[in-house]
Every structure is written in C-alpha cells, then in structure tokens.
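In what follows, a single structure is set out as structure tokens and then discussed.
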Amino acid sequence: MLDQITHLFRLRTILQEGSLRRASEKLNITQPALSRSLAQLESYFGQRLVERHARGVKATPFGERVLSVSSRIERYWEIAEHELRAEAMDEKSVMRIGGGPVWRSGILSGVLSQLQTRFPRLLIEFTTLTFGKTLQDLHEGRLDVAFGGVFNDGGTSQRFARVKLTEVSNHVMAREDHPLFATSRKDGGLVASGLLDYPWIVYSELPAYREITQHTIAEHIGGPPDIRFVCQNLLSALTILQQSDCLCVLPALSVHAVAAPRIVPVPLPLKRNTAEIGMIFRTELQDWEPMKALVELCRVKFGIV
C-alpha cells in the first residue's frame, strides 16, 4: 500500500509540473524512476493515466480522477502522521475550515476559540469558500470541513458527513432607528411603497443575492429598487446599513452580532425562503478528535441535544 501511495504522490507532481523532467527536478529523483512509478500505476489500474504531447504530459480523464483521490489520501495521511508523531515531535496539526459569509460574520468565533483551547497544538486555517467548488475542495483535501448550506449537490454521497445546525431565512434589513419604522401602520406593518424612498445595498458575495433583492422589491411594489451600493464583503454591507438609511436583503443570522445600532428585519410579509445550513466534512475524518470536538461545540452553540 505504501508503495502505491508513493507512486500516487509522484503522479501528482508529474501532472502538476506538466513534464517528467520538471517533476524529477522538483522531487530530486531520476526520470527513469518516475517513468517506472507511472508504469506501475497504469499497470495496477489497467488504464492510462497520462497523455504525452509535445510540451510534456497531461492527465487522461481517468488520471484526473486518480489525481483527485490522491490529493485526499495525502491530506488524510498528513493528519494520521501527525497523530502518530505528536508525542515525539513539537509540531502543530492543521484543520482547514471553510466558511460562507454568514459563518465568517462571527458565528464561529467562540466555537473556534473553544476548539483551540481544547487542542493547543491545533492550527486552525479559516478561509472563504470558493463558490461552486466546495465539495471538490473537501474531496481533494484542500478543506477538512465547510460551513454553509447543507449542500444538495453530491446528493447522499457516502463520502461526506452532513450536520444540520439551523435554518436561515432572508429578510429586508435596516438599522433599528431607520425612519422607515416611523411610517408603520397601526397593525405594525409597513406601507410597501415606502421601500422605494430609500437607497438599497446589494450584497453580492453570493451571486443569487442581486436577483433576490430585485425580486423581493418587485414582489411588493412592482418597481426596481434604487441600488446605490454593491458590496461583496458582508462586513461592508452591515457597516453601511448602520451608518445610512439604506436597506438590504440579508439572511437573519448574518446580523446577530451587530450592535449599536442593531440591524433588524423590516416587517414585510416576504415569501418564506428558508435554507438549511450546517457543516459538511469527509466521512473518514469523523473519528478525528478535533472534528468530533468541533461537531460537539457547534451542536451546543445551536442548542442541539
């Protein structure tokens, strides 16, 4: 098995470098040794892994699959190796966490702090999810766990464990002392046409939100909103909301940590658009102690028994 892993890692370098010559220089081994590793892998799998061309080599479709799996194997080996060497070596293990914008707004701050307290030798890399690539990044080991929607793409694949933590809904948001609230009706509702009197922010980190904003306003007043800001960064959108009369469509969970003034939902009867959110990770990591602790801490955070 270890021989095959060595050959797989060599294959990855060959494909990343695009030629056996550059791969041999990077790995500091001879080209014939790389050629033998490649030949043994192709014999083992019974399929060609690379195609040779004038500039070097590139992966066949099956080679791309093997490359993807080898990346995941290498990540798992890194984790296992650290566990085996932890007592003898003064090294930190790494947990690679990706978070959607709502999660990066502060929801996970306390959870990750507690996790690091439990595992002082754990280095937590908390990064932004790449839209449309989350499952691929998880599968290939660039991420160990992702926080966002409980993703439907990938179906019920046994490669991934999913933990639903809560649900979120979108609302029109404004600062708590926004003048719009002074025009509320006796029943506590608002005159929908008043939404056209104020500028709007489109939160654009997730591509769907521009469309959601325009459809939300058209649904209630039949006209386009006066968009003054397009913010890719959630913190920027929240700050402008606090300091202006702007309105913005945002998930309710994204404003929970905002204070002085708070950001609150505008009482409008929007069509309920609820999404399940939580965490997703590769199943082979579910017995990794830091992952088990992270799941436990998240369940406590959201009040899940």
Side-chain angles (χ1 to χ4, degrees), residues 97-113 126-132 134 143 145-152 163-178 180-181 190 195 198-217 219-220 225 227-280 294 297-304:
I97 300 175
V102 172
W103 300 95
R104 299 197 313 275
S105 67
I107 296 174
L108 287 179
S109 300
V111 168
L112 298 184
S113 178
F126 191 26
T127 60
T128 301
L129 295 180
T130 302
F131 183 75
T134 299
L143 289 176
V145 57
F147 287 87
V150 182
F151 311 98
N152 292 322
V163 180
K164 175 187 172 183
L165 296 174
T166 188
E167 296 180 349
V168 294
S169 300
N170 291 314
H171 300 274
V172 175
M173 296 289 184
R175 72 173 196 272
E176 59 184 335
D177 56 349
H178 194 286
L180 182 65
F181 295 120
L190 294 175
L195 298 176
Y198 299 99
W200 282 77
I201 303 169
V202 170
Y203 169 55
S204 64
E205 183 170 351
L206 297 179
Y209 269 90
R210 178 185 289 272
E211 187 175 347
I212 288 173
T213 299
Q214 293 172 333
H215 285 182
T216 296
I217 305 311
E219 174 188 348
H220 287 279
I227 297 174
R228 303 281 185 87
F229 298 93
V230 178
C231 295
Q232 188 177 23
N233 182 275
L234 179 59
L235 179 60
S236 297
L238 294 173
T239 302
I240 295 172
L241 278 176
Q242 285 184 297
Q243 299 178 2
S244 72
D245 289 342
C246 287
L247 304 171
C248 185
V249 175
L250 289 171
L253 201 60
S254 66
V255 302
H256 81 290
V258 180
R262 294 180 302 126
I263 304 298
V264 298
V266 175
L268 291 170
L270 299 186
K271 291 181 179 178
R272 188 166 178 81
N273 182 14
T274 301
E276 297 180 346
I277 63 172
M279 55 194 299
I280 179 171
L294 180 59
L297 291 169
C298 287
R299 288 183 180 276
V300 172
K301 168 75 175 178
F302 287 92
I304 301 172

Check: Phe181 and Pro267 side chains under 4.5 Å, non-hydrogen atoms:
yes
So, the side chain of Gln242 versus the backbone of Pro261: is there a donor-acceptor pair under 3.5 Å, distance only?
yes
Residue among Ile107, Leu165, Leu108 satisfying side-chain contact (heavy atoms from CB on, under 4.5 Å) with Lys301
Ile107
Can you tell me how far CZ of Arg228 sits from CD1 of Ile240, rounded to the nearest 0.5 angstrom?
12.0 Å
Are Ser254 and Leu234 packed together at the side-chain level, in the sense that at least one heavy-atom pair is separated by less than 4.5 angstrom?
yes
In Å and rounded to the nearest 0.5 Å, what is the CD1 to CG distance from Ile201 to Leu241?
4.0 Å
Check whether Thr239 reaches the backbone of Leu235 with its side chain - one donor and one acceptor, N or O, closer than 3.5 Å.
yes
Could you pull out the closest heavy-atom pair between Ala252 and His171, with the gap in Å?
CB-CD2, 3.6 Å
Euclidean distance, Trp200 CH2 relative to Cys248 SG, rounded to 0.5 Å
8.0 Å
Which residue pairs pass the salt bridge (Lys or Arg N to Asp or Glu O under 4.0 Å) test with at least one member in residues 242-265, sequence neighbours excluded?
Arg175-Asp245, Glu176-Arg262
Val163 vs Ile304, test: side chain to side chain contact (heavy atoms under 4.5 Å, CB included). Steps then yes/no.
CA-CA 11 Å; Val163 180; Ile304 301 172; 5.8 Å; no
Are Phe147 and Leu294 side-chain neighbours, meaning at least one heavy-atom pair lies under 4.5 Å?
yes
Measuring from atom OH of Tyr203 to atom CG of Asn233, what distance do you get when rounded to the nearest 0.5 angstrom?
7.5 Å
State, with a plain yes or no, whether a side-chain heavy atom of His178 is found less than 4.5 Å away from one of Leu247.
yes
Nearest heavy-atom neighbours spanning Ala174 and Val266:
CB-CG2, 3.9 Å
Within this structure, what is the OG1-CZ distance for the pair Thr127 and Arg104, rounded to the nearest 0.5 Å?
8.5 Å
Using 0.5 Å steps for rounding, measure from the CG atom of Leu112 to the CG atom of Leu297.
9.0 Å
